[in-house]
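The basis for the numbers below is simple: all heavy atoms, side chains too, and nothing from hydrogens, waters or symmetry mates. On a predicted model such as this, the values are computed, not experimentally measured, just so you know. Here is how names work: the chains are called A, B, and so on, in the same order as the sequence lines, proteins then strands, and each is numbered from 1.
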Amino acid sequence: MSASLSNEQRHARIWAVIKRIPRGRVATYGQVAAEAGFVKQPRLTAQALRHAPDTLELPWYRVINAQGKLSFPLDSEAYRRARSQLEAEGVIFVRGKVDFEIYRWRPRSAAPVLD
DNA sequence: TGCTTGACCGACG
DNA sequence: ACGTCGGCCAAGC
């Protein structure tokens with residue numbers, strides 16, 4: 001990816017991807033980063049989320065880690081809010097984990113490859 | 001400027 | 001099913 005991209009631009013691209021995650025689906029930090037053009041940089045997604053203004057009203061709770069779990073302490077307010085939001089959208093947790101086979105967001109490829 | 005810290009991830013033991 | 005380790009890279013101090 002371009003190295004001359006400002007962090008603000010990076011965050012903006014990541015926020016744009018997060019906004020595309022539909023109700024009742026989830027995406028991993030790594031998936032979001034890759035979708036935004038930053039392969040193998042899941043931490044950029046975490047960072048973009050930390051810096052996201054509330055006014056954006058991002059569906060932050062739809063971004064979970066690659067283990068299918070929420071990246072918050074079980075006893076935290078963030079965990080409770082994210083989990084109840086997801087459950088309200090129909091996402092089922094089994095032993096604290098979400099089943100990617102069912103709930104993973106599968107965006108349509110923007111550039112279909114034909115051979 | 002250099003070192004530590006993350007809302008992370010995949011490989012390995 | 002864990003815990004550890006290295007890779008990753010911007011922020012904060």
Is any side-chain nitrogen or oxygen of [X] closer than 4.0 Å to OP1 or OP2 of [N]?
| X | N | answer |
| --- | --- | --- |
| A:R43 | C:dC9 | no |
| A:R10 | C:dA10 | yes |
| A:N7 | C:dA11 | yes |
| A:Q41 | C:dC9 | yes |

What is the distance from [atom1] of [X] to [atom2] of [N], rounded to the nearest Å?
| X | N | atom1 | atom2 | answer |
| --- | --- | --- | --- | --- |
| A:L49 | C:dC9 | CG | P | 18 Å |
| A:N65 | C:dC2 | CG | C1' | 15 Å |
| A:L5 | C:dC9 | CG | P | 13 Å |
| A:H11 | C:dC9 | NE2 | P | 14 Å |
| A:Q9 | C:dA10 | CD | P | 13 Å |
| A:I14 | C:dC8 | CD1 | C1' | 13 Å |
| A:L44 | B:dA7 | CG | P | 14 Å |
| A:L86 | B:dA7 | CG | P | 18 Å |

Could you pull out all donor-acceptor pairs under 3.5 Å where a side-chain atom in residues 98-105 of chain A meets a protein atom, sequence neighbours excluded?
unit_1: A:D99; atom_1: OD1; unit_2: A:E101; atom_2: N; d: 2.8
unit_1: A:Y103; atom_1: OH; unit_2: A:I92; atom_2: N; d: 3.3

P-based separation of B:dT1 from C:dC8 [nearest Å]: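 So the two P atoms sit 22 Å from each other.
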With no hydrogens and no angle check, is any side-chain donor or acceptor of A:R13 less than 3.5 Å from a backbone partner on A:A36?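 Indeed, once roles are kept as given, a pair shorter than 3.5 Å links the two residues.
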Which pair of heavy atoms, one from [X] and one from [Y], lies closest together, and at what distance?
| X | Y | value |
| --- | --- | --- |
| A:T28 | A:Q31 | OG1-N, 2.9 Å |
| A:Y29 | A:N65 | CE1-N, 3.6 Å |
| A:I21 | A:R62 | O-NH1, 2.8 Å |
| A:A52 | A:L58 | CB-CD1, 3.8 Å |
| A:A82 | A:L70 | CB-CD1, 3.9 Å |

Atom CD of residue position A:E77 - does it have more than 12 heavy atoms of other residues, nucleotides or ligands inside 6.0 Å?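 Yes, because the 6.0 Å sphere around CD of A:E77 holds more than 12 heavy atoms from other groups.
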If you count heavy atoms of other groups shown closer than 6.0 angstrom to CZ of A:R80, is the number above 12?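 Counting other residues, nucleotides and ligands, CZ of A:R80 exceeds 12 neighbours.
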What class does the angle between the rings of A:F72 and A:W60 fall in, given that below 30° is parallel, 30 to 60° is tilted and above 60° is perpendicular?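 Perpendicular.
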I want to verify a distance call: between B:dG6, C:dC9, B:dC8, whose nearest atom is closest to the A:R50 side chain?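 When the side chain of A:R50 is considered, B:dG6 is the closest of B:dG6, C:dC9, B:dC8.
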Is DNA chain B part of any stem, that is, at least 3 consecutive Watson-Crick or G-U pairs with both distances under 3.5 Å, and where?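 In DNA chain B, stems of three or more pairs: B:2-6 with C:9-13, B:8-13 with C:2-7.
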Which part of the nucleic acid does A:T45 contact within heavy-atom distance under 4.0 Å: base, sugar-phosphate only, or nothing?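 No contact.
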Nearest nucleotide by nearest heavy atom, which residue falls closer to the 5' end of DNA chain B, A:Q47 or A:I64?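 Residue closer to the 5' terminus by nearest nucleotide: A:Q47.
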Between A:H51 and A:R95, name the one whose nearest nucleotide on DNA chain C is closer to the 5' end.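 The residue closer to the strand's 5' end, by nearest nucleotide, is A:R95.
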Nucleic acid contacts of residues 68-80 of chain A, taken as heavy-atom distances under 4.0 Å to DNA chain B: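 Close to the strand are A:S71, A:F72.
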